[in-house]
Each structure stands twice: as structure tokens, then as C-alpha cells.
Amino acid sequence: MLDDIVTSFEPQAFGWQAADAAHHLHPFTDHKSLHQGKVRIITGADGVFLTDDAGDRILDGMAGLWCVAAGYGRHELVEAASRQMQSLPYYNTFFKTSTRPVIALAERLTAMAPDDLNHAFFACSGSEAVDTALRMARTFWITKGQPGKRVIIGREFGYHGSTTLGAAAGGMVDMHRQGAMLPDFAHVMPPYWYGYGGQMSPEEFGLYAAKQVEDKIHEVGAANIAAFIGEPIQGAGGVIIPPDSYWPEINRICRENNILLIVDEVICGFGRTGRMFGSETFGIKPDLMTLAKGITSGYIPLSAVLVGDRVADVLINDTGEFYHGFTYSGHPVACAVALANLDIIENEGLVARAEASGVALRAKFATALEGVPIVGEIRGVGLIGAIELTADQRTRRFFDKRGRVGAICRDYCFSNNLVMRAVRDTMVFSPPLTINDDEMDELVARATRAILATQADVRAEIL
Ligand code: PXG
């Protein structure tokens, strides 16, 4: 493995740790508490393992931030970027110009996508894709002479990025409190059976959660609503997997109320759920679909919005100019990497592999964690999954002061050289789709050690 590129730029003062603390503001971080501990400086990566500057090998159970689908160290992606940088490092797609990589990618993505998602718009991040999709939805209704249809319905614990529109569509209240809540956004409960299902069966609860959307539509008035937005599985919200009854109802409710359905596939797209798109896994019928992360396996920023014929026909034929776009929309280098990444996903059968590996991984977790009182549920679809930590297995009771126990467990994972995310007290995982059997054994062994250590710490609180 090569050294990373900046090792020749040793920082002036007291080394990398101190320079990071002195000058670098991290995303979604409490800096004061960060500075009380240490940042871990990641210097390299290969396959499913990261290396830090102490030489430790860390198993990346999150594929970066849910994105490194093809695993680290893929020369094909490096070569695609290098070749494209040498031939055409940049050109825009604004003023009657296009480039071959963006055309090829648009054609390929729309051919892969379900239903009539026949058009693609490109941006750099999931947040920008969401922002674009929301603007398209509202523009669609304005063009159709119904400008009153503006409200976007999202869900609690939904995550649609950190631009202001995305944060408003998402259901993260801490972000709303920062001023990122806007007029014309509404939220409904997530289809989170483990947390909110009570005595209902999962299927009953799926219908109940979908009914909340219908009730919200009646409350706000369909004449005021542009779209419903949802992730097939709510990833950052804690890998909330809807019961099978949920999405077909949402399809019906959106159709009958003349509301667009935006499916945010930023995490679920490109094989994560064991099908190419989460919409296929759950039978969702999107009008607009947002994609990012796995589109390039995170090697370079890129996102896309796929647009179905119903909306595209109006935008193309009736809207006139759609006042929206980014300097790097359709960046040729990012598109070239995406094409090479899709080759890997297809040639290596990563989608089918995610399905099979997911089954195996959950079975390994079930064996390792059998009878462990702190474990309330192990769930997953493909290679995205979660382990609920609970104070009472039987009643699915949460710990007091939610998030405290999850943070303990996440820290034990980290000290066991495993990256897993804690969302409240839910431990979530989404490893690279390339993970092999031995690596899954290692992931389960390290996670189990962390979970047992957590249980020992909080045993007085567990029934
Ligand atoms: N939609 C979904 C479904 C996402 O998961 C975004 C949009 C925004 O993408 P960008 O590229 O703008 O970040 C996301 C991003 C976490 C975590 O800790 C999750 C995301 C990003 C950062 C951290 O779970 N998801």
C-alpha cells in the first residue's frame, strides 16, 4: 500500500493531532468533547480494512459513510479517473455542451433504473440531489398551473442531507432547531416497528404507519402538497426497515392523492439492499429517485436525480428554463469513475453477493449473540443492518437517556478496531459489498466483544 500523499507536508506545530484540533472543524461533531480524546488519523485502506497512523488495521463495518460499495484499493477506479483527467479533466454541461462520460452514464443509469426513470440530472452530493429533486417537484406543479402544491412530506428520523432543503425534508430535530426548518415541510412517523409497533404485528404496523401519511395529506390538503420523500430503508435514522405492507400503501396513497413520490436511494442504491435499487426490493414506484454514495463507491463525489417520464415530459416540454445547476454537474472525471464502478458491480455480481452475504452475516450475528440480554433485535436486508440494544428484550424497552448506551458500544467497537455507527442505541452496519466470509466472521467477533463489554457496563439497567 502506498503512503498517503501528504506525508511530505508535516504540520508546523505539534503534529497531526494538534493541527487537526487547532484548525479543522469536523462535520456533525461536538468539538469540545472531540478535543478531550484523540482523532484517529486514517492513512490508507485496502479491501474492507482501514489503516491508521499508528499502524492499526480497522475493519470498516460502515463502508466509509455507507458508500464504499466496491471496497477500498480498486485500481480500476483509479485508472478511470486518471485516464479521464488526462484527456478532459473538466468541462461543464451548461451552455449547449456535453461530454462523453456524462452522456454514457446518463444512458447507463436510466437503462438500469426501474420503470420509466429515463432522464438523469447530475450533482456532487446526496444533499444536492435531494435539493434538486425537491426543486423539480415544485417546478413540475408550478408548470402545471398548481403552484399551491408546495408542501413536502418527510418522516421523523429521515435523513436527506445537510443543505437547508434536505435538512427540512429530513426528520432530524436537532438540525431543524439550528434554523434548518422551513415553511411547507411536514413530517410523519417512520415505519419503525421495533420502536413504535407496540403490540401490533409488523404488517399491521406497516399499514398503520402508511395511514399516518394519508392522514397528514388530509390534514394539509392534497391541493397544497407537492411530494412525499422517503428512503426505502431509513439509513442514518437507524436502519429502519419498513414492514412489507408499508411501501405498496405509500404508492397507492401518493397515486390517489396526486402527490409525487421521491425515493431517496442515496444509501440503498447500487446493491446495498440485495437488489440494484431499494425501490426494487420494496416494490416502490418513484417519480424521482436520488442517488449518490455507491454510484462511485465514494471514490469521488457524484450524485444523480433520475426523473420519470411524467415529470420529465413537463420539465422538458413546458417549463422553459429550469433555473438550477452546479459548476460540477456531470463532472467528466466523476462520471468516468461511476462507469468503472458500475462495471465492477456488474462484473463481480456484487448485488447478488450483497443479498447472500447479508443472509450469512445475520446468521453469524444470531449465533454469536444468542441469549445476550442486551440484544433486542438483529435485522437487515442485503448488507445493511442493525442491532437494537435494549433494556428489556421482552417489552423492547429503550434505555433511559437514549444514545448513551449506543455511544458506549460504538466506542468499544472503535477500540476493538471496528467501525460501526450508533444511532441512538441502535448499532448499524453496512460493510463494503465485497466483504468475504472470513471478514464477516471478524466483524461479528469484534462487534460481539464490544456488545458484551457494553452489557457488562450497564448490566444494572438490564432486566
Ligand atoms: N440522503 C440520504 C438517504 C443520505 O443517507 C444524504 C441524502 C446526503 O448525502 P451527502 O452526500 O450530501 O452527505 C445522505 C447522507 C451517517 C451519515 O452518519 C449519513 C449520511 C451522510 C453523513 C453521515 O449515518 N447520509
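As the structure lists them, so they are numbered: ligands from 1, and atoms in each ligand from 1.
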Student: Which atoms of ligand 1 are found less than 4.0 Å from any heavy atom of D264?
Tutor: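 Per the distance check, 1 (N), 2 (C), 3 (C), 7 (C).
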
Student: Under a 4.0 angstrom heavy-atom cut-off, which atoms of ligand 1 come close to G161?
Tutor: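 With G161 as reference, the close atoms of ligand 1 come out as 6 (C), 7 (C), 8 (C).
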
Student: List every atom of ligand 1 that sits less than 4.0 Å from any heavy atom of S127, numbering the atoms from 1 in the order shown and giving each element.
Tutor: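 What qualifies from ligand 1 is 8 (C), 9 (O), 10 (P), 12 (O).
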
Student: Mark up the atoms of ligand 1 that fall under 4.0 Å of a heavy atom belonging to I267, in ascending order.
Tutor: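 That gives atoms 5 (O) of ligand 1.
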
Student: So if I count the atoms of ligand 1 from 1 in the order they appear, which ones are less than 4.0 Å from some heavy atom of R421?
Tutor: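 Answer for ligand 1: 16 (C), 18 (O), 24 (O).
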
Student: Out of V423, L65, V428, whose heavy atom is nearest to atom 23 (C) of ligand 1?
Tutor: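 Nearest option to atom 23 (C) of ligand 1, by heavy atoms: L65.
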
Student: Nearest to atom 2 (C) of ligand 1, what protein heavy atom do you find, and at what distance?
Tutor: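 Going by distance alone, atom 2 (C) of ligand 1 is nearest to Y159 O, 3.2 Å.
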
Student: Decide whether a cation-pi geometry holds between R40 and F414; the criteria are a distance under 6.0 Å from NZ or CZ to the six-membered ring centre and an angle within 45° of the ring axis.
Tutor: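 The answer is yes; both the distance and angle limits are met.
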
Student: Could you tell me whether F205 and Y192 have their ring centroids closer than 6.0 angstrom?
Tutor: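 Between F205 and Y192, the centre distance exceeds or equals 6.0 Å.
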
Student: Does the gap between the ring centers of H324 and F121 come in under 6.0 Å?
Tutor: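 Yes - the distance between ring centres of H324 and F121 falls below the 6.0 Å cut-off.
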
Student: Quick check on contacts: which atoms of ligand 1 are under 4.0 angstrom from a heavy atom of G126?
Tutor: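 The atoms of ligand 1 under 4.0 Å from a heavy atom of G126 are 8 (C), 9 (O), 10 (P), 11 (O), 12 (O).
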
Student: When you measure from the heavy atoms of Q234 to every atom of ligand 1, does any distance fall below 4.0 Å?
Tutor: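 Q234 does not count as a contact of ligand 1 under the 4.0 Å cut-off.
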
Student: Would you say W66 touches ligand 1, if touching means a heavy atom closer than 4.0 Å?
Tutor: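 It does; at least one heavy atom falls under 4.0 Å.
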
Student: May I ask you to establish whether R396 and Y194 are in a cation-pi arrangement, using a distance under 6.0 Å from NZ or CZ to the six-membered ring centre and at most 45° from the ring axis?
Tutor: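 Geometry flag: set, cation within 6.0 Å and 45°.
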
Student: Report yes if some heavy atom in the side chain of V266 is under 4.5 Å from a heavy atom in the side chain of S303; otherwise report no.
Tutor: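 The answer is no, as the side chains (C-beta and beyond) never meet within the 4.5 Å cut-off.
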
Student: Where's the contact between A292 and ligand 1, heavy-atom distance under 4.0 Å: side chain, backbone, both or neither?
Tutor: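 The answer is neither.
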
Student: Identify the protein heavy atom lying closest to atom 21 (C) of ligand 1, giving its residue, its atom name and the separation to 0.1 Å.
Tutor: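 Closest protein heavy atom to atom 21 (C) of ligand 1: K293 NZ, 3.5 Å.
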
Student: I'd like to check which ligand 1 atoms, numbered from 1 as shown, lie under 4.0 Å from a non-hydrogen atom of E231.
Tutor: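 So the answer, numbered in order with elements, is 3 (C).
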
Student: Using a strict threshold of under 4.0 Å (side-chain N to carboxylate O), is an ion pair present between R272 and E265?
Tutor: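 Salt bridge flag = no for R272 with E265.
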
Student: Please determine if R402 forms a cation-pi arrangement with F398, meaning its NZ or CZ atom is less than 6.0 Å from the six-membered ring centre and no more than 45° off the ring axis.
Tutor: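 Yes, R402 lies over the aromatic ring of F398.
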
Student: Is it true that K211 and E214 have a side-chain N and a carboxylate O under 4.0 angstrom from each other?
Tutor: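 Here K211 does not pair with E214 in a salt bridge, since their nearest N and O are not under 4.0 Å apart.
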
Student: Is the distance between the ring centroids of H24 and H31 less than 6.0 Å?
Tutor: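 Distance test on ring centres: not under 6.0 Å, no.
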
